[in-house]
Amino acid sequence: MTLTDTRLTGHRATLDQALEAIRTRAYWSPHPEHPKAYGESAPAEGLAAFEALKGARFDLDQPGTDGWAGAEISPYGPELAIEYPHIDPDVLLPAMRRAVPAWREAGPERRALVCLEILARISARTHEFAHAVMHTSGQAFMMAFQAGGPHAQDRGLEAVTYAYLEQTRTPETADWSKPQGKRDPLKLHKSFTTAGRGIALVIGCNTFPTWNGYPGLFASLATGNPVLVKPHPRAVLPLALTVRTAREVLAESGFDPNLVALAAEHPGEGIAKTLALRPEIKIIDYTGSSSFGDWLETHARQAQVYTEKAGVNTVLVDSTDDYRGMLSNLAFSLSLYSGQMCTTPQNLLIPRDGIPTDAGHKSYDEVVNDLAASVGGLLGDDARANALLGALVNPDVKARLDGAAELGEVALPSRRVGNPDFPDAVVRTPVIVKVDAAGPESESAFLTECFGPVSFAVAVDSTDAGVELLRRTIRDRGAMTVGAYTVSEKTERAVEEVCLEESAQLSLNLTGGVYVNQTAAFSDFHGSGGNPAANAALCDGAFVANRFRVVEVRRQA
C-alpha cells in the first residue's frame, strides 16, 4: 500500500489551523473528546482490538531483535502477557541512522504532513489506545480515553506545529549580492537545510505514556531525527502501538520505517541508562523521578536532554468570594486520577488565623475540615469514585499513602473503594494531612514531592509568610503548577511576581470546571522549563529549536 500525496496534502489545512491556534492561544482541537464521536461501532471494535493484543507477541519487524520482553500487569489486576521485541542496539541504531538522508531531504513540510498522518491513524484507534492506557497507567477509562487519546494527540500535533514553524523561519535558498562600488558585486547562491541532531531517545513514563511521550517523539521526528522509544516497563503497550502505527505510515509514505523503533526491556534490566550514554543518541526526552532526570542531565553530555521531573505543586489560600466553588474545585483537583499527576496540588498554604470568604470568616481548621468534607462528598459514591480515582499505578504510591498518617494530623483519612469490574484493583481516596510550616524544616515532609493522593494543609503565620514559602518551594523544589485564591489585588500581584521571578505557571481563583492540574494544548504551557521541576516546557519554540541545526551550502553565483 502506498500513501498518496493527496492524502498527505490533505493534512495541510490541519497544520495551518494549528499554526493559527498557537499564534492566538485560542481553544482548538481536531481530536474529539467524546467516545461517541468515533462511530457507533468504535467502542466494541476498540475493546476487541485491545483484547486481541493480550497474550501474544507484538512483532514490529525491526532489525536487531535478539529476543522478547514484557511483563505488564494491569493496575486493575489482569496480566497483559504481551511480548515485545528486545533489541541489540549495535544492530538497530546503525539501521536507524541509515534512514536519515531521505527523511532529511523530505524537508519540514513533508515531514510534518507524515507526522500528521501518523496522528490521524492513532486518532482513528482512540478506543483501542484508551484501553491500552487504562490497563498500563491505572487511569479510569474516561480519563484514559481523553488524556491518553485526544489530549495526547493534541500535544503531539502541537509539537509538530512548533517544529514546522521553527524550521521554516529560514528560507530554503537565497541569492546574496554585496555591492563593491565600481567593481562587480560579490554574488553567492546559498541553500539552507534543516538537519536533525541524530537519534532521539524517548524514555516513557508509567502514568501518562502517550501524553508525556508524544511531544518529544513528534518534535524529534518532525525535525528530521529518528526516534527510539524506550517505554516504562509497566506501560509498554500504548507506545508500542504508537511505534507500529508510525512505522506503517513511514513505509507507506516511501520512507524507511526504522525512523521509529521500540526498545522494550527485561524486568530490572535498566536499558535507559545504557542507551542514554550511546554516542548515537543526540536527543533525550524523559519524564519521571528527579534522581534519574538529574543523572541524565549530568551524564548524557553528548545529547540535548529534555526532562520533566518532580516538583512540589502549591496552592496559596488567602481569601475567596466563592467559598463553595473553591472547595469544590480543590476537591476535584486533589482526587483526579488519585493525585497521580505531575500537576496535582500537594501543599495548600492556609493562614493559621483563617481566611475571609463570602460565607464569613473561616478558621484554618474550618477550611481544612470543609475541604475534607468536600472531597468526601465528591467520592462518597463508589461508582463516581472509581470514575475519578482510577487505580493506584504501583505499590510505591500505596506505600506513600499508607505512611501519610505518620507525617502529621490526618484531617481526611483514605478509604478503600471496591471496583466491581476489577476486584483486584487498588483504589483509594486521597488523604489530607495537617502540618505546621513553623515546625523544624528537617522534619517537613511536605517540602519534598509525595507523589500520589497525599496532600498537606500547611498552616502558615500569614499570607505574606505563605508567599515567601511559595517562593522557596518553587526555587528549591520546583513546581509544575501553582494556584492561588485571593480577593486582594496586593496578594494577587505578590503571587504573580513570585511566579514570574521563579518561572512557574500560575492559576488564579479557579472555581468552575477548569482545574489547576489540567492544561490545554495550543494554549497552555505545561511546565516552564525555568524551575527544578522541568528544564523544558510543553510546548514552545525552545522545545523544538535545538533538535535540529541549519546547514548552509554556499556556491559561487
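Between the side chains of Tyr214 and Thr242, at least one donor N or O sits under 3.5 Å from an acceptor N or O.
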Report task. Apply side-chain contact (heavy atoms from CB on, under 4.5 Å) to the pair Trp28 and Ser523, showing each step before the final yes or no. Result -> CA-CA 9 Å; Trp28 176 74; Ser523 186; over 6 Å; no
Requested in this report: Could you walk me through whether Asn313 and Gln505 pass side-chain contact (heavy atoms from CB on, under 4.5 Å), step by step?
Outcome: CA-CA 10 Å; Asn313 302 318; Gln505 311 295 14; over 6 Å; no
Report task. Go through the steps to decide whether His135 and Phe422 satisfy the test ring pair (Phe, Tyr, Trp, His ring centres under 6.0 Å), and finish with yes or no. Result -> CA-CA 11 Å; His135 284 285; Phe422 300 101; 5.3 Å; yes
Requested in this report: Start with the C-alpha gap between Ile199 and Lys282, add the side-chain angles, then the distance that decides, and say whether side-chain contact (heavy atoms from CB on, under 4.5 Å) holds.
Outcome: CA-CA 6 Å; Ile199 298 175; Lys282 300 299 184 183; over 6 Å; no
Report task. Begin with the C-alpha distance, continue with both residues' side-chain angles, and end with the deciding distance and a verdict on salt bridge (charged side-chain N to carboxylate O under 4.0 Å, His left out) for Arg234 and Glu72. Result -> CA-CA 5 Å; Arg234 293 193 187 100; Glu72 293 161 293; over 6 Å; no
Requested in this report: For Val431 and Val410, run side-chain contact (heavy atoms from CB on, under 4.5 Å): C-alpha distance rounded to whole Å, both residues' side-chain angles, the deciding distance at 0.1 Å, then the answer.
Outcome: CA-CA 7 Å; Val431 62; Val410 175; 3.9 Å; yes
Query raised in the report: Under the side chain to side chain donor-acceptor pair (under 3.5 Å) criterion, do His151 and Gln518 qualify, and how do the steps go?
Result: CA-CA 10 Å; His151 297 171; Gln518 297 174 321; over 6 Å; no
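In this structure, OG1 in Thr344 is found 10.0 Å from OH in Tyr337, a value given to the nearest 0.5 Å. Separating the CH2 atom in Trp211 from the CE atom in Met341 is a distance of 8.0 Å, to the nearest 0.5 Å. Note that the SG atom of Cys115 and the CG atom of Leu221 stand 4.0 Å from one another [nearest 0.5 Å]. Between Glu308 atom CD and Cys342 atom SG the span is 4.0 Å, to the nearest 0.5 Å. Interatomic distance, CG of Leu239 versus CG of Asn212, reported as 10.0 Å (0.5 Å rounding). Distance check, rounded to the nearest 0.5 Å: CD of Glu158 to CG of Asp524 gives 9.0 Å.
The aromatic rings of Phe50 and His131 sit parallel, their planes meeting at an angle under 30°, below the 60° perpendicular limit. Using cut-offs of 30° and 60° for the angle between ring planes, the Phe141 and Phe145 rings count as tilted.
In this structure, the side chain of Arg384 engages the main chain of Leu378 through a donor-acceptor pair within 3.5 Å. A donor-acceptor pair under 3.5 Å is absent between the side-chain atoms of Ser253 and the main chain of Val114, judged by distance alone. At least one donor-acceptor pair under 3.5 Å links the side chain of Arg547 to the backbone N or O of Phe543. Within the 3.5 Å criterion, the main-chain N or O of Leu119 finds no donor-acceptor partner in the side chain of Ser123. Under the 3.5 Å distance criterion, the side-chain polar atoms of Asp256 are left unmatched by any main-chain donor or acceptor of Leu259. A donor-acceptor contact shorter than 3.5 Å is absent between the side chain of Gln62 and the backbone of Asn258. Within the 3.5 Å criterion, the main-chain N or O of Gln139 finds a donor-acceptor partner in the side chain of Ser137. With hydrogens and angles ignored, the 3.5 Å screen pairs a side-chain donor or acceptor of Ser74 with a backbone N or O of Tyr76.
Here the side chains of Leu116 and Leu157 are in contact, with some heavy-atom distance below 4.5 Å. Residues Thr161 and Leu15 form a side-chain contact, since some pair of their non-hydrogen atoms from C-beta on lies under 4.5 Å apart.
Under the side chain to side chain contact (heavy atoms under 4.5 Å, CB included) test applied with Pro345, the options Val482, Thr314, Leu334 reduce to a single match, Leu334. Residue Arg247 is tested with Val249, Thr245, Val243 for a side chain to side chain contact (heavy atoms under 4.5 Å, CB included); the sole match is Val243.
Ion pair Glu449/Arg477 not flagged as a salt bridge, since none of the NZ, NE, NH1 or NH2 atoms sits closer than 4.0 Å to an Asp/Glu carboxylate oxygen. Of the charged side-chain nitrogens involved, none lies within less than 4.0 Å of a carboxylate oxygen, so that Arg400 and Asp396 do not count as a salt-bridged pair. Salt-bridge formation is detected for the pair Asp382/Arg415: a Lys NZ or Arg NE/NH1/NH2 atom is positioned less than 4.0 Å from an Asp or Glu carboxylate oxygen. The pair Arg121-Glu252 meets the salt-bridge criterion, since a charged nitrogen lies less than 4.0 angstrom from a carboxylate oxygen.
Checked against the 6.0 Å centroid criterion, the rings of His266 and Trp68 do not qualify as a close aromatic pair. Tyr306 and Tyr286 have their aromatic ring centers separated by at least 6.0 angstrom.
Ala300 approaches Val305 most closely through the heavy-atom pair O-CG2, 3.8 Å. In terms of heavy atoms, His86 sits closest to Glu265 at CD2-CA, 4.1 Å. Minimum interatomic distance between Ala264 and Tyr84 (heavy atoms only, all atoms of both residues): CB-CB, 3.6 Å. Summarising the geometry of Gly478 relative to Pro532, their closest heavy-atom pair is CA-CD, 3.7 Å, with the distance given to 0.1 Å. For the residue pair Ala200 and Ser220, the shortest heavy atom distance occurs at CB-OG, 3.4 Å. Considering every non-hydrogen atom in both Leu8 and Glu117, the closest pair reads CD2-CB, 4.1 Å.
Cation-pi check for Arg244 over Phe58 is met; the charged atom lies under 6.0 angstrom from the ring centroid and within 45 degrees of its normal. A cation-pi contact, defined as under 6.0 Å to the ring centre and within 45° of the axis, links Arg25 to Phe525.
Remark: Arg97 CZ is loosely packed, at most 12 non-hydrogen atoms of other residues, nucleotides or ligands lying under 6.0 Å away.
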